[in-house]
Structure formats: C-alpha cells, structure tokens
Amino acid sequence: MIDLKDICMDYGMGEAKTRVLDHIELHIEQGEITAIMGPSGSGKTTLLNILGAMDVPTEGTYQFKDCEVSQYGSKQLNEFRKNNIAFVFQKFELIQGYTVRENVELPMRAKNINKKKRKEKADEILEQLGIGHLKRKFPGHISGGEQQRCAIARAMASDNDLILADEPTGSLDQATGQDIMKLLKAMNQKGKTVLVVTHDEHIANMTDRIIRLEDGRIVSDERV
Amino acid sequence: MKGKNHIFYVYLNCRTNLLKRFINFLLLCTSFLLIIIAGFFYFIVNERECAANRIIVGGNHNLGTVRILNTEDKGIEFMEEMKKKGFSSIGQRYFMELGMDNFAKELSAQQSEFNIKKILIKNGHITDNTTIICVPIFGEFLQLCNITLREGLLETNPKENERYLYLGSDFHDIPVGTVYYNKDYRGFSNDKNIKYIVKGYLAEGSKILSDEILTSRDLFNLHYGEILDDKIIMFDAHPIAYDTYFLTNGKSSDEVNAILDEISQETGVEIEKSSWLEVLKEQKEENRMLIKNISYFLVVTIFICISVLLCNTLAEKMNNGNIIGIWYANGFSQKDILLIEVLDSILPILFSAITTIVISYFVLQNQYNLFVEYIGKQRTSDLTGIYSKSYLLLAIVVLILCLMLTWVKAVQVRNRKPMDYIRGETL
C-alpha cells in the first residue's frame, strides 16, 4: 500500500540545514497496524507528516497504492489527503470553537457529504465511541480522553484507508491511553491501515509491527 | 467543498470569536461612520465652492452687489445715477404663495375673479397653493441664473399694467399667450386691472439663484439651484425701492469701487458693496483650510480603521492559527481555505459597511440641524448627491480594505505548508 524509497527530509538552508530523515526505505501493507518509535528528534513525526501529505520530502519517492505522491503538486496533495488520510494528533487538534459534532463533521464537509447523511454518520460514530451525549459540547468542556475519542471519531468519519496517529496517547493517562489504542485497533480490524507514532512500549506492543528510528534512519523493523 | 460550507465556517469563526468580532464590528462601524461624516462635510464644502464657481465662472465675471443702507430720500436719484454709470439692476426677488381663492395670499382681503389655481387644479398640478417668484427685474437676471425656456419668448420688461408669467415645467396645458386679469397683487393700485400673460415655459430643471447669493451674504450657500419646476416666475415692471445691483463687466473691482464711492458721495446715500470675486476668493481660502482639515481627518480615520482591523485580525489569527492546519489535515483544499479566510475577512467589513450606511442615513437625516451651519439651505434633492458621494467614498475604502485583505490572505495561505499551521507557525 505504502512504498517509501530513499526518502530524505532536510530543514533549514545552507549551513543551518539539518537532515531529519535520511534515506528511509519503508513498505507498509494495507490493513497493518504499525508503531513508529524513537527518541525525540529522530524524525518520527516528520515521517508521519510525509506519509500524510502534510509535508513534502526533499528527496525520494512516495508511492501510495498506484499513486506517485512525491510527484504531486499542492492541489493534488490536498485531494490525496482528503480521500486517503485521517489524522489523530497527540494534542487532539480539535477546533475549540466547534462543538464535538461539528469537529467530527469536518472531513465529511470537505467531501461534500449531504447534511442528513453527515449528521447521521457523526451521531452514529459518536455513539459507537461512547461520547454521543457530548455532541453538543465544546472540546474545552470535556476530558482529554473524551477529546481524543472525538479526534478518533473525526478520523473514522473521513472513512479514509490510512490512519496516522501522532502520539495519540501522549496526553492521556495509561488506562485512557489503552482505551484509545483499543479503538485504533478496532479500526484496524475493520480494514484500515494504522500508523502510530509513540514513545510508549506498551502502546507499541499493541501493534503488529514496530519500526524504530534514530537520527532519521530506520534502525529496526520488527513484527510483534 | 460547496459554497454554503464556506459560509458555514465563516459563521463558526464568528461564533468562536464572538466578542472580538463584535468589537471589530463596532470599531468598523464607528470608523465607517466617521468616513461618511467626513465625506459628507468634504463634499458639501466642495459643492458650495462649485456652486459659487458656477455663478462666477458662468460668464458673469466682475459681479457684485450694492445695497442701499440709508437713502435720505435720495434712493431714486442714486439708482438713476447707477444706471447712468452702466450698472445693471437685478432687483430683489421675492416669493408669493398662490392661495385658495385669491391670487396672492398677502392680499387675502381682495377676492379675485382671477383664479389661476382653478386652472392648475383642472390640470392636476397643484394642491393647496403654489409659489410664485416675483422678479421686478430685467433680462440680466435670467442670464445670471442661466434660465432657458422650453417654449415661448423671453420678455422681461412688461408694460405698465402687465405682468409676464413663466410657468415651471410641471405645469402643462396652459397655452402660451393665455391672459388673465386681476388687481395688482401688491395693492399699489387697487383699482387697476393688471394683465397677466403666460409668456412661456421654463426648461425642465431650471434653477434660480438664492436671495443669499443675490445679496452676496453667502456666495457659498448651496441654495443656488433652487429648482423651479413647480413654480412660476413673474416679471414685474415695478422694481421695489431697494434694488440690488450687479456691477458691469469690463471694469476692475478697484475701478468699480471708485465709481460707487463717487456716486455715494455725490448723492449722500450710504451703501454696502461687495464684489463676488473678492468674496469668492476669501471664501475659497477658508474652504481650502476646511477641506485640508477634513482631508487630514479622513486620512487619519482610514488609517485607524485599517490598523484596528489588521491588529484585531492578527490577534485572532495568533490565537487560532492551527485551525487552518486542522482544516488541511481534514481534507480542506487550499482553495477552500483561501475562500473561507477571504470571506471571513470581507463579510464582516461588508456587513459593517451596510449597517453603517443605514445608520448614517438616519443619523444624518435626523441630525440635519447639526449640519445646517455648513449646509445652509441645501435642499434635499441636492443632499442626495452628497449622500451618494459620501457612500461612494466609503465603498472605495471598503473595496481597498477587501482587496488588501484578500491579497494578504492569499499570500498567507499560499506561502505556508499545512504543517506550518499545525506547528503554529502561522505568521
């Protein structure tokens, strides 16, 4: 499903240039749930952003299914992101001024899904995740765990194949973190490909595969 | 994404920042109101100058007025002397109301056989009364006012027992040449029957000078342009005692002053004289200062308006910078985001501008007296022009603001990667 070849990513220019990803080669099959681990600054989030088409690599090729994503311009990247990627962020990245339901509806609005279907689907997902009663609340008025559920609901609402979770449990206590991982696993069991960036070994052990990064290179890639 | 979704996100942005947006709205409305009021004054001052220019430059150079203050029974002698020296009289026009049963209201005791009103009612152009402008003057008056006729001949020197009527363009179906008989409306010769002859129709939109201009008390008074469509001008063979003269062309102001002083000394008549060109020059200077101050005020106002708007927008974006990143992450395209951002900037401005236009219209209408000193006897029809110009000025400011914000948004959105927004690098 995902094929990264010789991916490099540099930040800065001239002498201040820093190589964040260094010749990454990676292949991920559809339906996998994979953890990406590594110390701070090892390039995990950058890798995730490249996979999510939020950033463009300096060198290398990124193939997603039959698409040569690394060749895309910004317009095509937007379209690619809309139709294939769903994000779950460490700090949830919910829009504080929108209600829980309005946040969940975001990807569906981007896809021009009609109002009735949008509402039905959002309510259904929120019920499924046990936060149906919070749909009219604002993110600031609910707990961290509930906010992350809301973020996962938003990812589910997009119905995209690849779910990229950047430290999804990083801001949560262990029990809530485990719950969130269970939700991600459930999504994986429904056929979605999930990539989780994490520091937490427990969380990583809940996935099928662990890729370790150090100084922008893959140092290990092992099946759990 | 569909258009209504863009508007929905603009609404959500407003809802999220309700207090800030409300403050923005109030500031914008205040700034816009100041722009409109400043524009209102600016255009009034300009209009006054233009009105004065129209008179002075309209082929009537070296005009002025002479008012007789103290005649000591030598008024007639003085006037004759003036005429001998080549001065022309334009008289003092005065208004009369054409009433219910009598020709002129001033003579309510005199029941008249002559009733022009009946004819006018028959033709459906009058209700209770209409105004007659009586001009005991000569042809120069019409030249001065640039009055032209739609029909008929211009004759301004009626015989002893005649009066010439020129009907405004609102009157119809009274043939030129129609004759009416009535007593002298001023009561000078009650037993005399006066012959009133319809001599012609004024061209549509004919205008007349104001008393203030005729007597040079205020050349800049916008009363120039009193529309005569529903009025009748009547020329009278009997100039009243205290005529206003205008100076002859071909002489300089100094020469004219010297002649006038000479006549005044010879006849012992005390006079007050003023040259329109001199008055115009003085008042132009004053106007220039006023316009300069208003311009400064306008520039400062516009600057404050733009600064306030930019500061508030910047502050809001600093607080909510990652929203764009979240939009990107959830599949919004650059075009969608740009459109939301542009609408988000422009719609509040347009909303504030429309609100301000409505408010300002009522404020300016209701607070009309506040502006009377500047406006003089400006008529509503002319005020509409001033309103339109002020609103046009606001529209230009709004357009500039909108274009500027659109450009800023376009640069902002185009030059940043989605991740920059998520990281909070929004500025």
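Values in this document were obtained by computation on a predicted structure and should not be read as measured data.
Around the NZ atom of A:Lys111, the shell of radius 6.0 Å holds more than 12 heavy atoms that belong to other residues, nucleotides or ligands. Counting non-hydrogen atoms of other residues, nucleotides and ligands closer than 6.0 Å to NZ of A:Lys121 gives a total above 12. For CZ of A:Arg19, the number of neighbouring non-hydrogen atoms (other residues, nucleotides, ligands) closer than 6.0 Å is greater than 12. The 12-atom threshold is not exceeded at CG of A:Asp215, counting heavy atoms of other residues, nucleotides or ligands nearer than 6.0 Å. Around the CD atom of A:Glu214, the shell of radius 6.0 Å holds no more than 12 heavy atoms that belong to other residues, nucleotides or ligands. Residue B:Met289 places its CE atom among 12 or fewer non-hydrogen atoms of other residues, nucleotides or ligands, all under 6.0 Å distant. Within 6.0 Å of atom NZ in B:Lys335, 12 or fewer heavy atoms from other residues, nucleotides or ligands are found, so the atom counts as exposed in its surroundings. No more than 12 heavy atoms of other residues, nucleotides or ligands sit less than 6.0 Å from atom OH of B:Tyr42.
With rounding to the nearest 0.5 Å, the separation of CG in B:Asn13 from CD1 in A:Ile95 is 8.0 Å. In this structure, the separation between CG on B:Asn330 and CZ on A:Phe87 is 9.0 Å, given to the nearest 0.5 Å. The NZ atom of A:Lys75 lies 8.5 Å from the OG atom of B:Ser333; values are rounded to the nearest 0.5 Å.
Scanning both residues, A:Arg81 and B:Phe332, for their nearest heavy atoms gives NH2-O, 4.4 Å. Between A:Met54 and B:Gly325, the shortest heavy-atom distance links the atoms CE-O, 3.9 Å. Between A:Asn78 and B:Gln334, the closest heavy-atom pair is ND2-N, 3.0 Å.
Neither the backbone nor the side chain of A:Leu164 comes within contact range of chain B, judged by heavy atoms closer than 4.5 Å. Interface residue A:Phe138: only side-chain heavy atoms are found under 4.5 Å from chain B. With a 4.5 angstrom heavy-atom cutoff, A:Ser74 touches chain B only via side-chain atoms. For a residue to count as touching a neighbouring chain, one of its non-hydrogen atoms must lie under 4.5 Å from one of that chain's; by this rule A:Thr45 does not touch chain B.
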With side chain to side chain contact (heavy atoms under 4.5 Å, CB included) as the test, would you mind laying out the steps for A:Glu102 and B:Leu12 before giving the verdict?
CA-CA 9 Å; A:Glu102 283 160 356; B:Leu12 286 185; 3.7 Å; yes
Working for side chain to side chain contact (heavy atoms under 4.5 Å, CB included), residues B:Tyr9 and A:Leu106
CA-CA 10 Å; B:Tyr9 283 106; A:Leu106 269 172; 3.2 Å; yes
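Counted by atom type alone, B:Asn322 and A:Glu93 present one or more donor-acceptor pairs between their side chains at under 3.5 Å.
Listed for the A:Arg109 side chain is no donor-acceptor partner under 3.5 Å among the backbone atoms of B:Asn5.
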